[in-house]
Amino acid sequence: QVQLVESGGGLVQAGGSLRLSCAASGRTFTTFAMGWFRQAPGKEREFVAAITWSSSITNYGDFVKGRFTISRDNAKNALYLQMNSLKPEDTAVYYCAARSRGGRLTNQGGYDYWGQGTQVTVSS
């Protein structure tokens with residue numbers, strides 16, 4: 001089992017920044033690829049970003065357009081999402097997730113473990 005706990009969400013004005021963190025515990029963190037997903041009210045959960053265990057590969061959703069950066073610190077069992085130039089449409093609950101299987105990092109179904117989420121609200 002892997003337990004994931006997100007933090008760092010909050011209320012920010014458009015154009016501002018937030019850094020989300022995800023603390024992992026349980027099974028060996030370093031063997032998992034990790035991802036961030038988000039779900040806005042009334043919308044389906046969507047892919048935000050993902051990173052392989054070695055940080056050698058990162059993927060981002062099309063809407064990110066260079067504004068977000070995913071990173072991880074395996075020594076600290078931590079995953080991060082630096083979000084800059086935030087827009088009101090970025091308002092959502094952000095979830096971190098872990099996967100031990102191969103496959104497309106953008107595929108939600110491939111993730112085995114999920115956190116409870118952290119709310120990000122961007123005001124205009």
- Message: Within the 4.5 Å heavy-atom criterion, are Lys65 and Tyr60 side-chain neighbours or not?
- Response: no
- Task: Write out all pairs satisfying disulfide (SG to SG under 2.5 Å) with one or both partners inside residues 39-70, taking only residues at least two apart or from two chains.
- Result: none
- Query: Given the rule that I, L, V, M, F, W and Y join up when any side-chain heavy atoms are under 4.5 Å apart, are Ile57 and Trp36 in one cluster?
  - Reply: no
- Query: Is there a side-chain contact between Thr91 and Gln119 (heavy atoms, below 4.5 Å)?
  - Reply: yes
- Query: Hey, does the side chain of Arg72 reach the backbone of Ala78 with a donor-acceptor pair shorter than 3.5 angstrom?
  - Reply: no
- Supply the atom-to-atom distance Arg101 CZ to Asn107 CG, rounded to the nearest 0.5 angstrom. 8.5 Å
- Does CD belonging to Gln116 count more than 12 external heavy atoms closer than 6.0 Å? no
- Message: Count I, L, V, M, F, W, Y as connected when their side-chain heavy atoms are under 4.5 Å apart, and connections chain through other members. Are Leu20 and Trp114 then in the same cluster?
- Response: no
- Note on the structure: Of Phe68, Phe37, Tyr111, the one forming a ring pair (Phe, Tyr, Trp, His ring centres under 6.0 Å) with Phe47 is Phe37
- Query: Any side-chain donor paired with an acceptor under 3.5 Å for Asn84 and Ser17?
  - Reply: yes
- Ser71 side, atom OG; Met34 side, atom CE - distance, nearest 0.5 Å: 11.5 Å
- Report yes or no: is the cationic atom of Arg45 (NZ for Lys, CZ for Arg) closer than 6.0 Å to the six-membered ring centre of Tyr95, at no more than 45° off its axis? yes
- Message: Using only atom types and a distance under 3.5 Å, with no angle test, would you say the side chain of Glu6 pairs donor to acceptor with the backbone of Gly117?
- Response: yes
- Taking Thr121 for the side chain and Leu11 for the main chain, is one N or O donor matched with an acceptor at less than 3.5 Å? no
- Query: Quick check: does any side chain N or O of Asp112 sit under 3.5 Å from a backbone N or O of Ser100, one acting as donor and the other as acceptor?
  - Reply: yes
- Does Val93 share a hydrophobic cluster with Val64, counting links as ILVMFWY side-chain heavy atoms below 4.5 Å and allowing steps through other members? no
- Message: Assigning hydrophobic clusters by single linkage (Ile, Leu, Val, Met, Phe, Trp, Tyr; side-chain heavy-atom cutoff under 4.5 Å), is Tyr94 placed with Val5?
- Response: no
- Leu105 and Thr52, any side-chain heavy atoms less than 4.5 Å apart: yes
- From the list Thr69, Ile51, Asp73, Ile70, side chain to side chain contact (heavy atoms under 4.5 Å, CB included) with Tyr80 holds only for Asp73
- Message: Using side-chain heavy atoms (C-beta onward) and a distance below 4.5 Å, is Arg67 in contact with Lys87?
- Response: yes
